[in-house]
Participant: 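Have a look at this one.
In what follows, chains carry the letters A, B, and so on, assigned in the order in which the sequence lines appear, proteins first and then strands, with residues in each chain numbered from 1. No experiment lies behind these values; they were computed from the predicted model shown.
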Amino acid sequence: MTIRLTNSKTRRKEEFTPLREGQVSMYVCGPTVYDRAHIGNARPVVVFDTLFRLLRHVYGADAVTYARNFTDVDDKINARAAETGRPIRDITDETIGWYHEDMDALGALRPTHEPRATEYIGAMIAMIGGLIQGGHAYEASGHVLFRVRSYAEYGALSGRSVDDMIAGARVEVAPYKEDPMDFVLWKPSEAGVPGWDSPWGFGRPGWHIECSAMSYELLGESFDIHGGGLDLQFPHHENEIAQSCCAHPHGSFAKVWMHNEMLQVEGKKMSKSLGNFFTVRDLLDQGYPGEVIRLVYLGTHYKKPMDWTVEKAREAEGTLRKWRGLVKGVAPSQPDQRVIDVISDDLNTAGAIAVLHDLAREGDLAGLKASAAMLGLLEDHMGAWSEAGVDLTPWAERLAALRQAAMESKNFAPADAMKAQLVAAGVEVRMSKSGCELVPGPGFDAAKLEALD
RNA sequence: GGCGGGUUGGCGGAGAGGUUACGCAGCGGAUUGCAAAUCCGUGAAGACCGGUUCGAUUCCGGUACCCGCCUCCA
């Protein structure tokens with residue numbers, strides 16, 4: 001079994017081999033917990049969840065260690081606390097709860113570790129101390145800054161040179177920086193802002209250091225895969241590399257870097273000003289099942305920009321209803337080798353979905369169910385949405401009786417009228433010689449059935 | 001300005017240097033009291049201009065357009 005992944009570091013698709021035979025370690029940048037996750041936040045969750053599932057399948061469930069952090073110290077959180085007057089811990093605890101609810105709804109497995117930045121402050125302070133000792137960082141005006149010029153490889157991941165970046169910089173440079181590209185490892189905290197005692201005074205960490213510290217503590221100085229959204233490639237991941245490689249020069253940090261492309265909505269960048277900004281919870285509340293959202297995500301390869309559209313959601317819902325109808329009561333067999341092969345080729349989930357369609361057409365329902373589970377689809381705990389919630393048998397019997405009478409009287413009007421009402425309620429009406437079958441379809445609304453009484 | 005990515009049939013969206021992607025929609029047929037669902041069949045493509053090649057939508061170069069990052073947004 002060969003897994004091939006596109007490595008952002010080398011810009012090539014490479015055969016994946018774990019650093020430690022039979023053991024795989026993966027780190028993915030998680031959310032800053034100050035608000036509900038929006039649908040863009042969910043894309044890397046689904047993408048790397050799919051990779052997690054594949055790795056578990058290939059190497060064994062216990063052989064894969066997956067860490068995804070919660071950034072719970074951040075100025076956006078501080079701002080939210082100041083606005084609402086609520087304690088920071090309340091906000092971050094609540095947001096983490098939401099995150100779990102929403103990502104669970106998308107069928108994402110919980111990572112092995114979900115470290116909170118605030119629980120690793122000591123590790124960050126130790127790492128910063130080491131960087132200063134090694135000449136890679138310096139203290140200035142209460143801050144500790146990373147000395148970008150001390151790391152020759154800086155910019156390699158994102159294909160930038162320090163000089164080019166300075167030439168094109170649009171940001172105002174803090175006067176205490178030795179070099180405009182130097183970035184903050186530690187900054188002072190004024191009263192009312194979270195802070196910790198450190199050799200450089202009361203303060204808090206910069207953003208990037210947490211991922212370096214936590215990945216080191218949980219996965220070691222060298223690990224296999226580091227993932228995240230493409231927007232993190234610079235500066236966040238570039239800075240992580242600089243910090244980690246300078247702090248642990250014997251390690252290689254992440255071997256494979258993976259970045260998912262961004263998400264758009266109806267062809268446009270999602271933004272609050274365009275009014276097309278929404279959270280996963282918004283979609284769930286509007287009645288889009290998490291499984292439907294997941295299938296929409298998986299329909300586009302992770303390296304390409306993905307467009308969220310209601311049309312795609314509609315199609316995905318139809319597909320899942322059909323498949324769920326097919327595999328109902330079917331025990332899963334083994335995942336089809338074609339599915340394993342195609343997702344092993346750089347996580348080609350769109351190709352895998354095509355194979356699921358093939359399996360459905362071929363009638364291998366046990367294989368369909370098992371293969372879909374590789375993608376986190378058609379699992380039993382995700383299927384409640386496709387059940388009617390009400391027993392349609394009484395209506396089916398009434399319709400059958402009306403139809404029987406119509407067949408004899410040749411007056412089909414009453415039967416047709418009832419059928420039309422059922423269709424209006426979102427019920428799929430299937431009449432055959434053997435009787436009438438009623439199945440809830442897209443947009444099924446049990447309330448509309450009451451009008452039939 | 002710097003760096004990176006993309007452009008496939010009506011729509012969505014993959015793979016592969018030569019052979020049907022697939023889904024949705026459409027069309028034809030089977031089926032049905034009529035439908036729906038289902039099944040079978042079917043047309044339709046690779047931005048533009050060059051190059052490499054026996055042969056490119058697939059590799060290379062250029063043009064146009066679109067998008068992202070450079071602002072502690074995944």
Side-chain angles (χ1 to χ4, degrees), chain A residues 8 11 28-32 35 37-48 68 71 73-76 155 158-161 163-172 181 183-184 187 205-210 227-236 238-239 259-264 267-272 277 295-296 299-301 303-307 309 311-312 314-316 318-319 321-322 325-326 342 345-346 348-358 360-361 363 403 406-408 410-412 415-416 419-420 422-423 427-433 436-439 441:
Chain A
S8 304
R11 293 162 209 284
V28 173
C29 289
T32 301
D35 207 350
H38 64 246
I39 63 169
N41 293 311
R43 169 120 104 140
V45 173
V46 172
V47 165
F48 292 105
R68 184 182 64 207
T71 299
V73 50
D74 179 274
D75 286 349
K76 286 195 291 291
S158 52
R160 299 151 196 255
S161 79
D163 292 325
D164 286 346
M165 285 186 282
I166 291 169
R170 300 185 305 195
V171 206
E172 200 176 325
M181 295 313 293
F183 58 90
V184 171
K187 54 190 169 186
W207 174 35
H208 316 293
I209 192 70
E210 64 174 79
L230 186 60
D231 56 336
L232 294 181
Q233 189 178 41
F234 186 89
H236 183 55
E238 202 71 73
N239 292 354
H259 293 98
N260 62 276
E261 250 289 359
M262 300 291 100
L263 180 143
Q264 299 183 317
K268 290 181 182 148
K269 181 183 165 89
M270 182 170 71
S271 73
K272 286 179 178 165
F277 181 97
L295 181 57
V296 172
T300 301
H301 186 88
K303 298 266 305 164
K304 289 202 172 183
M306 195 209 102
D307 197 13
T309 64
E311 174 60 17
K312 280 186 183 175
R314 192 194 62 76
E315 277 191 29
T319 299
R321 273 189 196 283
K322 179 178 154 187
L326 289 174
V342 79
D345 183 10
D346 202 23
N348 182 5
T349 51
I353 291 166
V355 178
L356 297 185
H357 282 293
D358 291 339
R361 192 169 354 91
R403 177 164 174 256
M407 297 283 265
E408 287 158 18
K410 300 297 175 198
N411 175 15
F412 290 95
D416 284 344
K419 186 173 74 178
L422 287 165
V423 170
V427 178
E428 203 173 280
V429 180
R430 302 178 183 174
M431 288 192 227
S432 66
K433 290 194 178 88
C436 293
E437 191 187 354
L438 300 183
V439 182

Participant: State which of B:rG12, B:rC69, B:rG33 makes the closest approach to the side chain of A:R403.
Facilitator: B:rG33
Participant: Side chain of A:V429 only, please: which of B:rA35, B:rU7, B:rC70 is the nearest?
Facilitator: B:rA35
Participant: Quick one: does A:V429's side chain get under 4.5 Å of A:L438's, heavy atoms only?
Facilitator: yes
Participant: Any donor-acceptor pair, under 3.5 Å, between the side chain of A:H259 and the base of B:rA74, if you only look at N and O atoms?
Facilitator: no
Participant: Across all strands shown, which nucleotide pairs with B:rC24 by Watson-Crick or G-U wobble geometry, both distances under 3.5 Å?
Facilitator: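 By the stated definition (distances under 3.5 Å), B:rG10 pairs with B:rC24.
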Participant: Would you mind telling me which of B:rA35, B:rC22, B:rG23 lies closest to the side-chain atoms of A:A354?
Facilitator: B:rC22
Participant: Please identify each residue that fulfils side-chain hydrogen bond (donor to acceptor under 3.5 Å, both in side chains) with A:S158, with sequence neighbours left out.
Facilitator: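 With neighbours one apart ignored, the set is A:R160, A:E238.
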Participant: If we take the C1' atom in both B:rG17 and B:rG55, what is their distance in whole Å?
Facilitator: 8 Å
Participant: Check every atom of B:rC72, B:rG4, B:rA36 against the side chain of A:E428 and return the nucleotide holding the closest atom.
Facilitator: B:rA36
Participant: Nearest to the side chain of A:R430 - B:rC22, B:rG33, B:rA37?
Facilitator: B:rA37
Participant: Nearest 0.5 Å, please: how far is NE2 in A:H208 from CG in A:L232?
Facilitator: 10.0 Å
Participant: Need to verify one output field. Residue with the more 5' nearest nucleotide on RNA chain B, A:S158 or A:D75?
Facilitator: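 Comparing both residues, the 5'-ward one is A:S158.
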Participant: Taking the side chain of A:D231 as its heavy atoms from C-beta onward, which of B:rC72, B:rA74, B:rG15 lies nearest to it?
Facilitator: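 Of all the options, the side chain of A:D231 is nearest to B:rA74.
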Participant: With hydrogens left out and only the distance checked, is there a donor-acceptor pair under 3.5 Å joining A:K312's side chain and the base of B:rC24?
Facilitator: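 For A:K312, whose side chain was compared with the base of B:rC24, there is no donor-acceptor pair (under 3.5 Å).
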Participant: Which one is paired to B:rG1, where only Watson-Crick or G-U wobble pairs with both distances under 3.5 angstrom count?
Facilitator: B:rC70
Participant: Answer with base, sugar-phosphate or nothing: what part of the nucleic acid does A:L356 contact at a heavy-atom distance below 4.0 Å?
Facilitator: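 Contact class for A:L356: none.
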Participant: Quick one: which of B:rC34, B:rG12, B:rC24 gets closest to the side chain of A:D416?
Facilitator: B:rC34
Participant: Counting heavy atoms from C-beta on, name the nucleotide in B:rG6, B:rA74, B:rG23 closest to the side chain of A:E315.
Facilitator: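 For A:E315, the side-chain atoms sit closest to B:rG23.
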Participant: Take atom P in B:rU31 and the same atom in B:rA36, then report the distance between them in whole Å.
Facilitator: 15 Å
Participant: Taking the same atom, P, in B:rG6 and in B:rA44, what whole-Å distance lies between them?
Facilitator: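 These two P atoms come out 29 Å apart once rounded.
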Participant: Under 4.0 Å, counting only non-hydrogen atoms across every strand here, what does A:H301 touch: a base, just sugar-phosphate, or nothing?
Facilitator: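 Counting heavy atoms under 4.0 Å across all strands, the contact made by A:H301 is with sugar-phosphate only.
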Participant: Taking all heavy atoms of A:M306 and all of A:R43, pick out the closest pair and write down the distance.
Facilitator: N-NH2, 3.2 Å
Participant: Base, sugar-phosphate or nothing for A:R68? Non-hydrogen atoms, less than 4.0 Å.
Facilitator: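 Nothing, no nucleic acid heavy atom in range.
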Participant: What nucleotide, of B:rC70, B:rC72, B:rA74, holds the atom closest to the side chain of A:R160?
Facilitator: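 So the side chain of A:R160 is nearest to B:rC70.
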Participant: Between B:rG13 and B:rG4, how far apart are the two C1' atoms, rounded to whole Å?
Facilitator: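 The answer is 23 Å between these two C1' atoms.
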Participant: If B:rC39 has a Watson-Crick or G-U wobble mate with both distances under 3.5 Å, name it; if not, just say none.
Facilitator: B:rG29
Participant: Regarding A:G228, tell me which of base, sugar-phosphate or nothing describes its non-hydrogen contacts under 4.0 Å with the strands shown.
Facilitator: sugar-phosphate
Participant: Go through the side-chain N and O atoms of A:S432 and A:E437 and say whether any donor and acceptor fall under 3.5 Å apart.
Facilitator: no
Participant: Have a look at A:R43 and say if it touches a base, only the backbone sugar-phosphate, or nothing, with a 4.0 Å heavy-atom cut-off.
Facilitator: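 Contact class for A:R43: none.
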Participant: In whole Å, what separates the C1' atom of B:rC49 from that of B:rU7?
Facilitator: 15 Å
Participant: With a 4.0 Å cut-off on N to O distance, would you call A:E311 and A:R314 a salt bridge?
Facilitator: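 Counted as a salt bridge, because a side-chain N and a carboxylate O are separated by less than 4.0 Å.
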Participant: Which whole-number value in Å describes the distance from A:I353 CD1 to B:rG15 P?
Facilitator: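 Those two atoms, CD1 and P, are 13 Å apart.
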Participant: Just name whichever nucleotide pairs with B:rU63, Watson-Crick or G-U, keeping both distances under 3.5 Å, else none.
Facilitator: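 Paired with B:rA47.
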Participant: Can you tell me the pairing partner of B:rU19 across any strand shown, Watson-Crick or G-U wobble, with both distances under 3.5 angstrom?
Facilitator: none
